[in-house]
Number of protein chains: 2
Amino acid sequence: MTNTTLKLLAQQLQLSISTVSRALKDHPDISTATKEKVHALANSLDYEPNAYAIQLRTQSSKIFGVIVPAIANLFYDSFIAAIEEESRKNGYALMILQSSNNTENELNNLKIFRQNRVSGVFACLSAHTQNLEVYEKMSDRDIPVVFFDIVPKENKYTKVRMADERCAIIAAENIIQRGAKRVLALFGDPALSISQKRKQAFQQFMEKYAPKTHCTYLHTNSSEEAQLAFDKHLSKTQRLDTVFAMTDEILIGVMKSIQAHNIKVPKEIGVISISNGFIPSLYHPNISYVETSGFELGKLAFVQMLANIKGGKTLSELTVDARFVEGGSM
Amino acid sequence: MTNTTLKLLAQQLQLSISTVSRALKDHPDISTATKEKVHALANSLDYEPNAYAIQLRTQSSKIFGVIVPAIANLFYDSFIAAIEEESRKNGYALMILQSSNNTENELNNLKIFRQNRVSGVFACLSAHTQNLEVYEKMSDRDIPVVFFDIVPKENKYTKVRMADERCAIIAAENIIQRGAKRVLALFGDPALSISQKRKQAFQQFMEKYAPKTHCTYLHTNSSEEAQLAFDKHLSKTQRLDTVFAMTDEILIGVMKSIQAHNIKVPKEIGVISISNGFIPSLYHPNISYVETSGFELGKLAFVQMLANIKGGKTLSELTVDARFVEGGSM
DNA sequence: AAATTTACCGCAATCGTTTGCGTAAATGGT
DNA sequence: ACCATTTACGCAAACGATTGCGGTAAATTT
């Protein structure tokens, strides 16, 4: 079945294409009578403007691009859910691509975005992306980029992220408040700046405000590693009374070990993590955590994007604050 | 900065637009020398074809639309990840919209897809969508639709889904094999056909092959409900030896209760569920489950989509088979 | 009754690509 | 040296919508 176009409507109504176009968008030049006729026919023929023709003409696409390392990830999910919601409200659609933490994919995805002339890009850097030239290229094309979560260091970019240091400090505060004597703190990939930041903030805080507390710091790259590390540490140390997990991944490993050894939480060990809340809610008692809400981050990113589109450039780094959520694990 | 177009290239090279266009796509009419010149300039000027102009001309967009109830969902995530992967390999991009299980959103999303002239739509029906007219409209526009997971009953649609009955039966088989005497089987929203199917298949199988086994069937709509239901059932029943959870949500509730009562798995109770595998891997021992892989489903859906696009219509219902994954909970 | 305004509407160019068709020059065959 | 092919390229018409610039009839003013 052939699509209904302005031309078709015009022919059937014995009007010019321009008149039909104007009638459809309620242009004052067109008489009410004509408008009604046009609308009537357009409805009955199910007219839907060709988005590509519009974009070609107007050079604006009403589509945002999103790059995440992985879609199947609780944190990014909630982030995406947030911008999807906002986008829909504002008449935008989303094009989502995953980089799989692979720089090459990231480049390809950006290319697709450029070819589709997206109105803007939400980007989370791949773990080891160093070269930001491509993002410069986006700016050259006047496509605003809002970085989120894993963001570049330079100030010239617009970025939103979690208050990583604050997260770590809030966790440390609660650990101190618990009166912990021997704590095991598990962090993620040491190559990632997020791991570094969190560890540094955590360690500094502990050393300053609880110098007597004995802390062990370890880095692990997966749930399995975390489980092993926890296991090992458990067997060779006496009286480990608190464990801190920097991510959900790590928490999962720790909890498996805790379950396996049938260790009582919080009586025998206190557990605290940084999370968006889903994983901590899976256990009994619920694990206490410092909340990093992908959803909030998404909302914030969207605000930044709109500002960028409307008001030209707004270079700044915004962070969404963290808060402690009491489970029963401390 | 002004985008480089064919026209620009043509001017700089003193060639016609058509020649440049053909050179870029390696048309045999163009001499090697010219091709090289064109490519060189195109590269140095970072030429990128305008996807909208192409689509306008060729009437094909290289974009697939995806509608899911929620992005933040482990099952749909893996489904999306699969079609994203395949799409990229085949030069397509994805436009993902969520319906939030809301029929109105679903309609709007489809409208966006139509306006963007997507090449095809992967759709998961909202829980209570009855009216499929809109999907007819897509077909009228020659936009193929592949339904997945929650699919319409009519045969005229192309659909892929999990082998729901098989899942339930495999679970039942393993429960019987375990020599269960008293089992609690928890299912989801009774209004959903998926719940009905699974329960019916499960119940029939149990009654036929293990008539002496005492089974209790309950429906719950959330983790919390599942937890409560399990709690209650536990307190008033003696010797409950096996529990079956139809979904991850239900499993989560059950496991919280099990942890709270410090019940030993599998010694005191056997646990089995239907899942894509993530949640079951969170516990120790890992929960045994019947695998429903969103990833596999995605792959299958994509194959169907391609067949649909290339070979005209292929109306059929395909299911991806289920398999039992041994954890340590039975 | 002439002049001016107002209300409606059409013309045509434009966005960037693709492609059928036409044609000049180069090449080949005899 | 003459005709028949090839080779290599350009012209121009789409695709569907937007919009500045006019244009004409009717309505209003003087």
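Order of the sequence lines sets the chain letters (A, B, ...), proteins ahead of strands, with each chain counted from 1.
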Separation of [X] atom [atom1] from [N] atom [atom2], in whole Å?
X: A:Lys7; N: C:dA12; atom1: NZ; atom2: C1'; answer: 14 Å
X: A:Leu9; N: D:dA17; atom1: CG; atom2: C1'; answer: 12 Å
X: B:Tyr52; N: C:dG16; atom1: OH; atom2: P; answer: 14 Å
X: A:Ile54; N: C:dC15; atom1: CD1; atom2: C1'; answer: 13 Å
X: B:His27; N: C:dG20; atom1: NE2; atom2: C1'; answer: 11 Å
X: A:Lys25; N: C:dC9; atom1: NZ; atom2: C1'; answer: 16 Å
X: B:Leu24; N: C:dG16; atom1: CG; atom2: C1'; answer: 13 Å
X: A:Leu13; N: C:dC8; atom1: CG; atom2: P; answer: 17 Å

*Residue B:Leu6, side-chain atoms from C-beta onward, closest of D:dA17, C:dT17, C:dC15*: C:dT17
Check ring pair (Phe, Tyr, Trp, His ring centres under 6.0 Å) between [X] and all other residues, then give those that pass, not counting sequence neighbours.
X: B:Phe113; result: none
X: A:Tyr52; result: B:Tyr52
X: B:Tyr76; result: none

*Base, backbone or nothing for each nucleotide of nucleotides 6-11 of chain D, written B, S, -, heavy atoms under 4.0 angstrom, 5' to 3'?*
--BBBB
_Does anything in residues 109-121 of chain B come within less than 4.0 Å of DNA chain C? Heavy atoms only, and list the residues if so._
none
*For A:Glu296, check side-chain contact (heavy atoms from CB on, under 4.5 Å) against everything at least two apart and list the hits.*
A:Ser293, A:Val320
_Qualifying residues under salt bridge (charged side-chain N to carboxylate O under 4.0 Å, His left out), relative to A:Lys62, sequence neighbours excluded_ = none
*Please check the phosphate of D:dA14 (OP1 and OP2 only) for any side-chain N or O of B:Gln59 closer than 4.0 Å.*
no
*Angle class for the B:Phe148/B:Phe79 ring planes (parallel below 30°, perpendicular above 60°, tilted otherwise)?*
parallel
_salt bridge (Lys or Arg N to Asp or Glu O under 4.0 Å) contacts touching residues 114-129 of chain B (sequence neighbours left out)_ = A:Glu48-B:Arg114
*If every non-hydrogen atom of B:Pro152 is compared with every non-hydrogen atom of B:Leu132, which pair is closest and at what distance?*
CB-CD1, 3.5 Å
*Not counting sequence neighbours, which residues clear side-chain hydrogen bond (donor to acceptor under 3.5 Å, both in side chains) with A:Thr19? List them please.*
A:Ser16
